[in-house]
Amino acid sequence: MSDFFDQVYQVARKVPPGRVTSYGAIASYLGSPGAARMVGWAMNKSGSQEEFVPAHRVVNRNGLLTGKFHFDTPKTMEELLENEGIEVVEGQIQNFEKKFWDPSAELDLEL
DNA sequence: TAGCTGACGCCCT
DNA sequence: CAGGGCGCCAGCT
């Protein structure tokens, strides 16, 4: 089971509330810097997972909510983030640099 | 079965 | 400074 996808889900679940990470960061953490696309694709499949996956805490390296349209409504992602104390304007996370949570740095490759 | 696409990222022109 | 193209791995048609 523990495939690229599962790894992504596990890391995504480890993202603390009020923090966000990027697809590339997760991909790099898993050992495939160029597989950022897979992370996004995994998020899409996250709905099939029995365990909830905070896909709203995963954005692109630009801090932009690129996948907000994949939620029930385009506003869902923004609301979830703002609900955690993250300021979002026009799908863009404010102070993204400060909210950014790097698994490679925080988890220190424990996985 | 083989090919295309996909919620990204970085390099090159 | 801006735009376009290639690379990544796996799932879906």
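Chain A is the first sequence line, chain B the second, and so forth, proteins listed ahead of strands; every chain is numbered from 1.
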Taken to the nearest 0.5 Å, the spacing of A/Tyr23 OH from A/Thr66 OG1 works out to 3.5 Å
Which whole-number value in Å describes the distance from A/Tyr9 OH to B/dA7 P?
14 Å
Gap in Å between the two P atoms, one belonging to B/dT1 and one to C/dC9, rounded
22 Å
If you measure from the P atom in C/dC6 to the same atom in B/dC4, how many Å do you get, rounded?
14 Å
Using a cut-off of 4.0 Å on non-hydrogen atoms, how would the nucleic acid contact of A/Phe5 be classed: base, sugar-phosphate, or nothing?
sugar-phosphate
Please examine the side chains of A/Ile86 and A/Phe96, heavy atoms only from C-beta on, and report whether any two atoms are closer than 4.5 Å.
no
Polar side-chain atom of A/Tyr9 near backbone of A/Met43 as donor-acceptor pair, under 3.5 Å
no
Using a 4.0 Å heavy-atom cut-off across all strands, classify A/Ala42 as base, sugar-phosphate, or nothing.
nothing
Can you tell me the distance, in whole Å, between the CG atom of A/Asn44 and the P atom of B/dA7?
7 Å
Identify the 5'-most and 3'-most nucleotides of DNA chain C with at least one atom closer than 4.0 Å to a non-hydrogen atom of chain A.
C/dG7 to C/dG11
If the sugar-phosphate is the primed atoms plus P, OP1 and OP2 and the base is the rest, what is the B/S/- string for nucleotides 8-13 of chain B, using protein heavy atoms under 4.0 Å?
BS----
Side chain to side chain, A/Trp101 and A/Arg57, heavy atoms closer than 4.5 Å:
no
Pairwise side chain to side chain donor-acceptor pair (under 3.5 Å) hits with a residue in residues 36-50 of chain A, at least two apart
none
Compute whether any side-chain donor of one residue and acceptor of the other, for A/Glu79 and A/His56, lie under 3.5 angstrom apart.
no
What I'd like to find out is whether the side chain of A/Thr21 reaches to under 4.5 Å of the side chain of A/Val59, using heavy atoms alone.
no
So does A/Phe5 get a backbone contact from the side chain of A/Gln10, meaning a donor-acceptor N/O pair under 3.5 Å?
no
